[in-house]
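By convention in this document, chain letters (A, B, ...) are assigned in the order of the sequence lines, proteins followed by strands, and residues within each chain are numbered from 1. All heavy atoms count here, side chains included; hydrogens, waters and symmetry mates do not.
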Protein chains: 2
Amino acid sequence: MKKKNTLTIYDLARELNYSTSTISRALKNHKSISKKTAQLIQRAAEERGYRPNSLAASLRSNNSKTIGVSISNISRPFVSDMISGIETSAREKGYNVIISQSHDSYDNEVSNAKALYDSRVCGIIASLSMQTENTDHFNQFKDQGIPVVFVDRVPNNFQSYHVIIDNYTSAYIATEHLIEQGCKRIAHFAGSQHLNVYSQRKKGFIEALKHHDLEIDERLIVDMKTLSFEEGAQVTAELFKLNNPPDGIFSSNDTAAVSAILYLKKQGIRIPDDVAVIGFNDDPISSIVEPALSTIYHPAQKMGELSTRRILEHLEKEDGMHTTEISVLETHVISRASSVRKKST
Amino acid sequence: MKKKNTLTIYDLARELNYSTSTISRALKNHKSISKKTAQLIQRAAEERGYRPNSLAASLRSNNSKTIGVSISNISRPFVSDMISGIETSAREKGYNVIISQSHDSYDNEVSNAKALYDSRVCGIIASLSMQTENTDHFNQFKDQGIPVVFVDRVPNNFQSYHVIIDNYTSAYIATEHLIEQGCKRIAHFAGSQHLNVYSQRKKGFIEALKHHDLEIDERLIVDMKTLSFEEGAQVTAELFKLNNPPDGIFSSNDTAAVSAILYLKKQGIRIPDDVAVIGFNDDPISSIVEPALSTIYHPAQKMGELSTRRILEHLEKEDGMHTTEISVLETHVISRASSVRKKST
DNA sequence: TCACTTTACACAACCGATTGCTTAATTTTT
DNA sequence: AAAAATTAAGCAATCGGTTGTGTAAAGTGA
């Protein structure tokens, strides 16, 4: 309702008979101000309800204390967990977090990057959209010495920080897990192959088969567009029209895996006895579906926290060198009923 | 790597022989600049890679074009959907969104509110933490004419915008739905009663029972702290130790409801025949559990979009009057297998 | 006691736009 | 053709802090 009763350090300076520089420094406990004066000023500021204007501070000091986040869609459990980690660890250090969703559109990602740049974020954490094949729009940050952390969905050739899991190995152990359960013909739900999270998973899958001398049947490897619930059921239906259907499914995400389970059950196919299934991510639905979905643990929250840490560490460095540092977090198989067959000795 | 090759309107002014005011106005197509000059300047800015500094603009124009969001935890599906709605509609209009999680702690909520205020957000969208009973920390916004929108978890007596659903009626129709399926002894998983989303749901529940002349057994109404998965199973276990256990459950959220279903199934109790269950929210897990959970549709995304709209509308208003405007969005029963009994005629 | 540090604070430029007020040049009106 | 109105652009203050430099006062040492 009221306008402009915001008081500034100028007001405080006048009232307390100090210069604005003294006020400013006193409020941050700068060493050049005596403790007595600092206390006096801080108390007065508190009493009068002084609130600093971060915009002014950011402008002058060229430090917005803000981290920009560029992701596909917050609604995905993996993404929201990751952002939760980013926000929590950022706020702890006094940083704000601005989010931007690409909704998996390249154009959105580009314009969001501009907006974040204009807001002078002092670091950016990004997970590429499905469409993105060119990452030039992140160069503007690097050029200005602003740290860029790519997380999970990372580009192939961009010198910056990366926070990832080992998708190749994760897929390998997931596949091996199915093989250990006796699967001989394993299908793979692959994602868009230009995103290396998915291409690496496919590679890991294939390597595991090779290593265990299993036949690689191209018909069982399906490149899916969105790995959605609908696509999962549809692809499963196709697979089970084959003369020689699979006895195991390794899906690149949980959504499609759960969809497959529900579809197969409806068809009277038994899980895990006829078909063993393993997903990827450990979304909430995976522990609810019956039989519960085995999956790969994906440390979303931790990846978010680590990404924030990378940004903050970079900002503390003197040289501001933009090094390439790749952090690979641990994953493991979460073994649930959808894949575990009773030992038949 | 490089530092300070950021060019400003001063640089453009010098190079193009115009004043900074002309540059500034030309870039925004201000009417007092001829189309020719404007084009010239815009083209030059484009070529040289000029990027505006939003911080400076925000400071001077006293408009940060940023919306602050205060919620409990992004990881909850309802919350992330809502934020997705907020972000999408905000960015469409050129606004940034800063998020802050309270993790259901009052103290966090208070300090987050300060941080958002200091960042000079030009509007705030908040959903209260579980702990919050006092909302004085939102007065600072109102006092400065900054619009406040409370969404979903709203306070009782705070003059501002509210975006809610009719929890009372939603609970009423959920309960009635169970009654229609033949339930006579319905249990209710209630949440923290100082949050009116939960107290209203309890009221709606009770009224529905009264209206249908069903006995109200206090032992069947459980005030839960977090409505978590663990708590859901535990409370269900207690309820079914009663001599006279319930034949229906209306849970204030889906998590606890799903937990109840899984627990009951394990006990050999049939859903919906022995016990019909309905939840609240329509989280993803509710359509995955078997039998699929009936629930109340909760328009999370729309609530987010509408909240943003309220902020933007307020900012466009001349007077800036901080009116109390309550928007109530529609809900409905989503009827699934967990509650629908075959007609036995 | 005098030169030398330290301490405590003030001065004033600065960050990069925005904007009310002027002014000069053009166009329109009479 | 002179006066009035319009158009196009410049001047300079301003938003609210931050920070390098300067300086008087107080403290230290020989």
Checklist entry - Within the structure shown, what part of the strands sits under 4.0 Å from Asn17(B) by heavy-atom distance: base, sugar-phosphate, or nothing? => result sugar-phosphate
Checklist entry - Taking atom C1' of dA17(C) as reference, at what distance in whole Å does atom NZ of Lys65(B) sit? => result 15 Å
Next on the checklist: Which is more 5' along DNA chain D, the nucleotide nearest Ile23(B) or the one nearest Ala56(B)? Just name the residue.
Outcome noted: Ile23(B)
Next on the checklist: We want to know whether Asn73(B) and Ser75(B) form a side-chain donor-acceptor pair, criterion being a heavy-atom distance below 3.5 angstrom.
Outcome noted: yes
Next on the checklist: Determine whether His137(A) and Tyr117(A) satisfy the following criterion, ring pair (Phe, Tyr, Trp, His ring centres under 6.0 Å), listing intermediate values before the conclusion.
Outcome noted: CA-CA 10 Å; His137(A) 47 301; Tyr117(A) 178 87; over 10 Å; no
Checklist entry - When you measure from the side chain of Thr8(A), which nucleotide among dG16(C), dG17(D), dA12(D) comes out closest? => result dG17(D)
Checklist entry - Between dG16(D), dC11(D), dT19(D), which nucleotide gets closest to the side-chain atoms of Arg25(B)? => result dC11(D)
Checklist entry - Is the phosphate of dT18(D), meaning OP1 or OP2, less than 4.0 Å from a side-chain N or O of Lys28(A)? => result yes
Next on the checklist: Please confirm whether the shortest side-chain N or O distance from Ser61(B) to OP1 or OP2 of dT18(C) is below 4.0 Å.
Outcome noted: no
Checklist entry - According to a strict under-4.0 Å criterion, is Tyr18(A) in side-chain N/O contact with OP1 or OP2 of dC11(C)? => result no
Checklist entry - So, Ser70(B) versus Asn112(B): side-chain donor-acceptor pair below 3.5 Å or not? => result no
Checklist outcome for this item: Separation of dC15(D) atom P from Ile9(B) atom CD1, nearest Å, is 17 Å
Next on the checklist: When you measure from the side-chain N and O atoms of Thr22(A) to the phosphate of dA10(C), is any distance below 4.0 Å, counting only OP1 and OP2?
Outcome noted: yes
Item to check | Whole angstrom value for the distance that separates P of dG17(D) from CD1 of Ile41(A) | outcome: 14 Å
Checklist entry - Is there a side-chain polar atom (N or O) of Ser19(B) under 4.0 Å from OP1 or OP2 of dA9(D)? => result no
Next on the checklist: Between Thr37(A) and dC9(C), is there a contact of a side-chain N or O with OP1 or OP2 at under 4.0 Å?
Outcome noted: yes
Checklist entry - So what does Tyr10(A) hit on the nucleic acid, given a heavy-atom distance under 4.0 Å: a base, only sugar-phosphate, or nothing? => result base
Item to check | Nearest-Å distance for atom pair CZ/C1', residues Arg60(B) and dC15(C) | outcome: 14 Å
Checklist entry - With a non-hydrogen cut-off below 4.0 angstrom, is Asp11(B) in contact with a base, only sugar-phosphate, or nothing? => result nothing
Checklist entry - Is any side-chain N or O of Ser58(B) closer than 4.0 Å to OP1 or OP2 of dC15(D)? => result no
Item to check | Rounded interatomic separation in angstrom, taking CD1 from Ile33(A) and P from dT18(D) | outcome: 13 Å
Next on the checklist: In this structure, how many angstroms lie between the C1' atom of dA17(C) and the CZ atom of Arg51(B), rounded?
Outcome noted: 14 Å
Checklist entry - Side chains of Ser84(A) and Gln101(B): do they bring a donor and an acceptor to under 3.5 Å? => result yes
Next on the checklist: Can a side-chain donor-acceptor contact be found between Arg120(B) and Ser58(B) if the only test is distance below 3.5 angstrom?
Outcome noted: no
Checklist entry - How is Ser21(B) classified with respect to the nucleic acid when contacts are heavy atoms under 4.0 Å: base, sugar-phosphate, or nothing? => result base
Next on the checklist: Check the phosphate of dC9(C) against Ser32(A), side-chain N and O only, distance under 4.0 Å to OP1 or OP2. Yes or no?
Outcome noted: no
Checklist entry - Is it the case that Ser32(B) and Arg25(B) place a side-chain donor and acceptor less than 3.5 Å from each other? => result no
Checklist outcome for this item: Separation of dA8(C) atom C1' from Asn29(A) atom CG, nearest Å, is 15 Å
Checklist entry - Between Thr20(A) and Lys31(A), who's closer to the 5' end of DNA chain C by nearest nucleotide? => result Lys31(A)
Checklist entry - Taking the side chain of Lys35(A) as heavy atoms from C-beta outward, which of dA8(D), dA8(C), dA17(C) is closest to it? => result dA8(C)
Item to check | Length of the line joining Arg120(B):CZ and dG16(D):C1', which is rounded to integer Å | outcome: 9 Å
